[in-house]
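Written below as structure tokens is the structure these notes are about.
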Amino acid sequence: MKDRLKAIREEALAQIEEADVLDRLNEVRVNFLGKKGQLTALLKSMKNIAPEDRPAFGQLVNETRSQIEAVLEESKKKLEQQALELQLKSEVIDVTLPAKKNNVGHRHPNTIAREDVERIFIGMGYEVVEGPEVEYDLYNFEKLNIPANHPAKDEQDTFYINKEIVLRTQTSPVQARVMEQGKLPIRMIAPGRVFRSDEVDATHSPSFHQIEGLVVDKNITFADLKGTLEQFAKELFGENTKTKFRPHHFPFTEPSAEVDVSCFKCGGSGCRFCKGSGWIEILGCGMVHPHVLEMCGIDPEVYTGFAFGVGLERIALLKYEIDDMRLLYENDARFLKQF
Ligand code: DAH
């Protein structure tokens, strides 16, 4: 029995010596001193010893137990200290490291272009208004002289919520909404998102932006329209920009025109940018159709007006010489940061 006790003690001390983490040390403790441990088992087997030898043997077992406990405790302290040192080392804060910078966002080229256009028209005394993106067919088409079955509806195929409600194909319906309110004169621009069921490519997207313009007052003529848009083009693209009005057709204006500006890259001599023509198309415009005025409750015998519609992406792409519209919607910060 004594030999067995000695063996247990030596084995325990050796294992404690070897234990290099606290968990392992705990295993050793359970293995030797626990309820089912080796030393406890030895105590239980005392009944095999002669009664007179029992007290002496019991004492011996207890001494061994104390010894093992003392060594265990010492080793535990040592390992705890080591663990603490390791933790302190790994969690050290290096106050000399450069701080992490907060990534500050950047205005989108579309936003920059829209704010440029807004600034120019606000400078001319225009008001900035908004209209709904989900719009009645009535405002998007009917009140703009585009009745059911009009071919213009084909060109502006869109997403239908139901027979009467569509995602607006243009910002022009805001014209009708503002005119209907009956507060004259009107001088407004209406920027916003529009939708068409177009396939995505370098120049098309099912969702893009326009800026609508509308002026209604007494004695407004085509000369006012020309002067206004010429001034706008100069402020947007530079003082030397020339403007050209080409006859066109829009259902809600009569007469109508498309406006080209002289290429701000080559000055009009022709380059890759303007496809050699020296001119770049930027917007559609015209005198508000008398029938449109009438449908919106304005007497065309007393009032006249002009209107125009600019594609916002087109302006952004031109101004920043971006050759693919899709880049505007990818939200790649490396791209957006350039503008
Ligand atoms: N809404 C037209 C389009 O999407 C653009 C336009 C042309 C607007 C002439 C106007 C205008 O106000 O007078 O093609």
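Indexing begins at 1, ligand by ligand and atom by atom, following the structure's order.
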Just which atoms of ligand 1 are under 4.0 Å from any heavy atom in [X]?
X: Gln175; result: 12 (O)
X: Phe250; result: 7 (C), 9 (C)
X: Gly309; result: 6 (C), 8 (C), 10 (C), 12 (O)
X: Arg196; result: 3 (C), 4 (O)
X: Gly286; result: 13 (O)
X: Ala307; result: 12 (O), 13 (O)
X: Gln210; result: 3 (C), 4 (O)

The residue among Ile282, Val215, Ile189, Ile211 that forms side chain to side chain contact (heavy atoms under 4.5 Å, CB included) with Phe308 is Ile189

inquiry  = Within the 4.5 Å heavy-atom criterion, are Leu328 and Ile322 side-chain neighbours or not?
reply    = yes

If you apply the rule ring pair (Phe, Tyr, Trp, His ring centres under 6.0 Å), what do you find for Phe121 with Phe232, and how did you get there?
CA-CA 8 Å; Phe121 282 104; Phe232 164 64; 5.0 Å; yes

Check: Glu155: heavy atom below 4.0 Å from ligand 1, yes or no?
Finding: no

Backbone, side chain, both or neither: what part of [X] comes under 4.0 angstrom of ligand 1, heavy atoms only?
X: Glu258; result: neither
X: Phe252; result: side chain
X: Ser172; result: side chain

For Ile68 and Ala12 the tightest heavy-atom approach is CD1-CB, 3.7 Å

Tell me whether the NZ or CZ atom of Arg107 lies within the 45° cone about the ring axis of Phe339 and under 6.0 Å from its centre. no

Within-cut-off N or O pair, Gly284 and ligand 1, under 3.5 Å
no

Self-check item: Short side-chain to backbone donor-acceptor contact, Asn145 and Pro251, under 3.5 Å
Solution: yes

the protein heavy atom lying closest to atom 2 (C) of ligand 1 turns out to be Gln170 OE1, 3.6 Å

Would you call the rings of Tyr139 and Tyr136 parallel, tilted or perpendicular if under 30° counts as parallel and over 60° as perpendicular? tilted

The option among His248, Glu212, Glu254 carrying the non-hydrogen atom nearest to atom 12 (O) of ligand 1 is Glu212

**Prompt:** Do Ser172 and Glu212 get their side chains close enough for a donor-acceptor pair, meaning under 3.5 Å?
**Reply:** yes

Let's go through Phe195 and Phe208 carefully: what are the C-alpha distance in whole Å and the side-chain angles of both, what is the deciding distance for ring pair (Phe, Tyr, Trp, His ring centres under 6.0 Å) to 0.1 Å, and is it a yes or a no? CA-CA 6 Å; Phe195 306 84; Phe208 57 104; 8.5 Å; no

